[in-house]
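The structure appears below as structure tokens.
Because the structure is a prediction, the values reported are computed rather than measured. Every chain is numbered from 1 and lettered A, B, ... according to where its sequence line falls, protein lines coming before strand lines.
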2 protein chains.
Amino acid sequence: MLSIGDLSRRTGVKVPTIRYYEQMGLLQAEGRTDGNQRRYSHAGLERLAFIRHARDLGLPIGAIRELIALDGSDCEKAHPIATLHLLDIRRRIEALRGLEAELARIAAACDGSAGACRTLAAFGDHGKCARDHSHP
Amino acid sequence: MLSIGDLSRRTGVKVPTIRYYEQMGLLQAEGRTDGNQRRYSHAGLERLAFIRHARDLGLPIGAIRELIALDGSDCEKAHPIATLHLLDIRRRIEALRGLEAELARIAAACDGSAGACRTLAAFGDHGKCARDHSHP
DNA sequence: CTTGAACCTCTAGTCACTAGAGGAATTAGG
DNA sequence: CCTAATTCCTCTAGTGACTAGAGGTTCAAG
């Protein structure tokens with residue numbers, strides 16, 4: 001049986017974060033020692049690796065909870081989670097590219113010459129944006 | 001003089017958010033009524049528009065605080081804020097593109113045929129990632 | 001004047017962690 | 001076995017950028 005520290009070292013997920021995931025309902029220890037320490041099986045290690053990968057992919061904890069609750073053959077439900085998240089990532093990329101363009105404009109506004117700082121002025125100037133910003 | 005609701009309606013920033021910005025030191029009311037309501041000048045309205053634009057660009061509140069504290073000709077300090085943030089945005093775009101590629105792979109893993117769900121399996125499979133994920 | 005809308009402060013919550021206090025359990029080395 | 005260091009525990013509270021709601025006051029319009 002593996003301790004929480006064992007899991008942490010083998011997955012790169014911090015100990016408090018593992019506890020947090022337990023609190024969030026993603027991962028339970030298989031049991032406790034007489035001293036109340038969590039002990040995990042190899043399946044728990046694999047579950048944590050799953051969680052970490054999904055988190056690394058930017059999936060919110062709620063979505064991961066849904067994935068975990070699925071039967072291993074439940075494509076009907078797993079697939080939309082992946083594709084919806086993919087759409088979300090694409091939307092965020094587009095939004096960030098808009099921000100990039102705008103910030104490049106702002107950063108280029110100043111040539112370092114004396115007088116009023118055109119970068120500062122550009123930060124205040126919403127009218128020059130090609131379109132409305134959205135939060136990526 | 002403008003009320004907090006006036007500012008909210010004219011900038012799209014919510015009333016509690018304006019109060020939050022005051023708490024964060026970004027924007028103070030010019031005064032209060034006898035009934036303790038905030039009143040802002042036109043300069044306050046412009047300040048809030050500045051804050052909103054910078055937030056829309058993804059600048060953290062601390063960076064905005066720095067920008068606000070600058071003299072209007074202080075290019076030496078404003079320019080690095082813009083360029084550093086631009087670099088950060090570019091880094092996030094790259095990270096998101098990596099995620100996009102990975103999610104596209106995962107979403108494509110299932111053709112809907114019977115048996116074990118390959119999307120679910122792919123979520124658990126970190127080894128297939130071209131490189132390590134980072135959080136955008 | 002009355003009423004409804006807008007304002008106030010304060011507290012606490014969201015999300016995904018993160019940090020630290022105070023104490024207990026486990027492990028490794030002598 | 002003993003001891004010290006490491007690891008574990010629960011609990012509380014904090015981060016950043018908001019958001020929500022309770023309970024009360026003020027303002028503005030009819």
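No donor-acceptor pair closer than 3.5 Å links the side chain of A:Asp56 to the backbone N or O of A:His53. Panel note: side chain A:His79, backbone B:Thr119; no donor-acceptor pair is recorded below 3.5 Å. In this structure, the side chain of B:Arg65 does not engage the main chain of B:Pro60 through any donor-acceptor pair within 3.5 Å. Within the 3.5 Å criterion, the main-chain N or O of B:Leu57 finds a donor-acceptor partner in the side chain of B:His85. Using a distance-only test at 3.5 Å, with no hydrogens or angles considered, a donor-acceptor pair links the side chain of B:Ser8 to the main chain of B:Val13.
Distances from the side chain of A:Lys14 to the nucleotides C:dC17, C:dT18, D:dC27 place C:dT18 closest.
Note: CE (A:Met1) to P (C:dA25) measures 19 Å, nearest angstrom. Atom CG of A:Leu59 and atom P of C:dC17 are 12 Å apart (whole Å). Per the geometry, CG belonging to A:Leu2 stands 15 Å off C1' belonging to D:dT7, to the nearest Å. Between the CD atom of A:Gln23 and the C1' atom of C:dA16 there is a distance of 11 Å, rounded to whole Å.
Listed pair A:Thr17 / C:dT18 meets the phosphate criterion, a side-chain N or O lying under 4.0 Å from OP1 or OP2. Distances shown here put a side-chain N or O of B:Tyr21 below 4.0 Å from the OP1 or OP2 atom of D:dC18.
Considering all non-hydrogen atoms of both residues, A:Leu70 and A:Glu66 come closest at CG-O, 3.2 Å.
Rotation axes derived from the C1' atoms of the five outermost pairs at either end of the helix from C:dC1-D:dG30 to C:dG30-D:dC1 lie 0° apart, to the nearest 10°.
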Practice task
At under 4.0 Å between heavy atoms, which parts of nucleotides 7-15 of chain C does protein reach? Answer with one letter per nucleotide, 5' to 3': B base, S sugar-phosphate only, - none.
Solution key: SBB------

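Taking 4.5 Å as the limit, some side-chain heavy atom of A:Ser3 sits within range of a side-chain heavy atom of A:Arg39.
Counting heavy atoms of neighbouring residues, nucleotides and ligands inside a 6.0 Å radius, atom CD of A:Gln28 exceeds 12 of them.
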